[in-house]
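In what follows, a single structure is set out as structure tokens and then discussed.
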Amino acid sequence: GEKRDGREAVVMLDVIESSVRKWEKNGEWDGFFLFKQKTAYGMLRSLVGSEMFIRDSAYAVEAVMRFMARKLGQDEEKWGVIGLVHDLDYEKFPEQHCTKTREILQEHGWPEEYVRAVVSHGWGLCSDVQPLSDLEKTLYAVDELTGLVAASALVRPSKSVLDLTVSSVRKKWKSPAFAAGVDRSVITRGAEMLGVTVEQLIEDTIMGMREVADTIGLRGTPAGPPS
């Protein structure tokens, strides 16, 4: 528990400092970069007490957003940090979800573009901000899907996302009782917004989550290649 969190914090700071040095050396320094990285993890820890929630929601969505950003040639750091804080208010202020996050991020001086993107993931549920950019549409689409992918992985004998397949997730999708809290209609609408199939969206989500399998507790014991 505490020891692992400490190691993660040290690794995070090392990554941040390494990135800062690289950006400075290349003359690509973004003054907001360091600020958003350090405050994002700090705010997350102060507002979300459940390590499981941080792991299952924040880290999983952050990883998928990073994967999608690279795939689309977008800013990985920007997409990642927005995925990281998207549910910032959910544990302490569930009745004010998205609304409270807007207030918190604005109080911390986050740019409106970032704030809007975070709030748009609740479109039609707890927000009237419609996803318009590729970033916003992606966050809207994968937020619910990460939960379904995680649940699908955990019922496998391996309990791993590393050998999870799209067809396996699709089979679980068809059972309304499985991961009943996941709104399939939001995922479908998100895929339509992005102009991709649900199958492609599932594949991308699986790939993104595989990159942080250890962090989100989904390495399990895969026997071999996905099947």
Side-chain angles (χ1 to χ4, degrees), residues 1-16 18-19 37 40-41 44-45 48-72 74-88 90-91 121 138-173 178-179 181-182 187 190-191 196 198-227:
E2 292 182 4
K3 290 183 178 178
R4 187 189 66 181
D5 289 347
R7 286 198 302 271
E8 286 181 353
V10 170
V11 170
M12 288 174 189
L13 287 175
D14 285 346
V15 170
I16 291 170
S18 174
S19 297
Q37 290 292 336
Y41 286 109
L44 198 62
R45 291 291 179 184
V48 182
S50 169
E51 180 64 28
M52 184 177 292
F53 185 83
I54 292 176
R55 182 191 71 188
D56 295 348
S57 179
Y59 292 164
V61 174
E62 176 192 14
V64 177
M65 290 297 288
R66 285 179 175 276
F67 176 85
M68 293 295 286
R70 292 195 304 274
K71 181 177 179 178
L72 298 174
Q74 299 297 319
D75 185 341
E76 180 182 345
E77 299 299 337
K78 177 180 180 181
W79 284 47
V81 80
I82 287 172
L84 181 70
V85 303
H86 78 286
D87 274 346
L88 189 65
Y90 191 75
E91 189 174 81
H121 89 275
T138 301
L139 179 61
Y140 176 80
V142 306
D143 178 33
E144 292 284 310
L145 186 50
T146 56
L148 182 62
V149 168
S152 299
L154 288 172
V155 297
R156 294 174 69 79
S158 65
K159 298 188 182 301
S160 176
V161 73
L162 300 180
D163 59 6
L164 182 65
T165 62
V166 172
S167 61
S168 179
V169 176
R170 259 313 207 177
K171 287 178 183 177
K172 298 300 183 184
W173 174 296
F178 182 79
V182 174
I187 301 171
V196 301
V198 169
E199 287 75 15
Q200 182 61 62
L201 191 62
I202 293 173
E203 181 179 348
D204 288 338
T205 300
I206 290 173
M207 295 301 289
M209 291 173 70
R210 282 179 181 171
E211 295 183 353
V212 291
D214 287 318
T215 302
I216 62 178
L218 292 178
R219 173 166 291 279
T221 53
S227 60

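Just the heavy atoms: all of them, side chains too, but no hydrogens, waters or symmetry mates, feed the values below.
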Requested in this report: May I ask you to test the M209-V64 pair for a side-chain heavy-atom distance under 4.5 Å?
Outcome: yes
Query raised in the report: How far does CD of E77 sit from CD1 of I82, to the nearest 0.5 angstrom?
Result: 11.5 Å
**Report entry** Separation between NE2 of H86 and CG of L139, rounded to the nearest 0.5 Å
**Finding:** 6.0 Å
Report task. With sequence neighbours left out, write down each residue that passes side-chain hydrogen bond (donor to acceptor under 3.5 Å, both in side chains) with R170, or none if nothing qualifies. Result -> E199
Report summary line: Tightest non-hydrogen contact, residues D75 and K78, listed as OD1-N, 3.1 Å
Query - Side chain to side chain, R210 and M207, heavy atoms closer than 4.5 Å - result: yes
Requested in this report: Kindly write out the residues that satisfy ring-ring contact (aromatic ring centres under 6.0 Å, His included) with F67, not counting sequence neighbours, or none if the list is empty.
Outcome: none
Query raised in the report: Within a reach of under 6.0 Å around NZ of K71, are more than 12 heavy atoms found that belong to other residues, nucleotides or ligands?
Result: yes
Requested in this report: Check whether any side-chain heavy atom of R66 lies under 4.5 Å from a side-chain heavy atom of E62, and answer yes or no.
Outcome: yes
Query raised in the report: Minimum heavy-atom separation for A191 to A141, with atom names?
Result: N-CB, 4.3 Å
Query raised in the report: Between R219 and D214, which heavy-atom pair has the shortest distance, and what is it?
Result: NE-OD1, 2.6 Å
Query raised in the report: Is V142 close to D204 at the side-chain level, that is, under 4.5 Å between some pair of heavy atoms?
Result: no
Requested in this report: Please answer whether the main-chain N or O of D163 pairs with a side-chain N or O of R156 as donor and acceptor at a distance below 3.5 Å.
Outcome: yes
**Report entry** Qualifying residue for side chain to side chain contact (heavy atoms under 4.5 Å, CB included) with V161, from L154, V212, L218
**Finding:** L218
Requested in this report: Compare all side-chain heavy atoms of L148 with those of F178 and state whether any distance is below 4.5 angstrom.
Outcome: yes
Query raised in the report: Between T146 and D143, what is the shortest heavy-atom contact and its length?
Result: OG1-O, 2.9 Å
Report summary line: d(S152 OG, I206 CD1) to nearest 0.5 Å is 8.0 Å
**Report entry** Side-chain touch D87/H121, heavy atoms, less than 4.5 angstrom
**Finding:** yes
Report task. Mind listing the closest non-hydrogen atom pair of L162 and S160 along with its distance? Result -> N-OG, 2.9 Å
Requested in this report: Test side chain to side chain contact (heavy atoms under 4.5 Å, CB included) on V182 and I187 and set out the steps.
Outcome: CA-CA 9 Å; V182 174; I187 301 171; 3.8 Å; yes
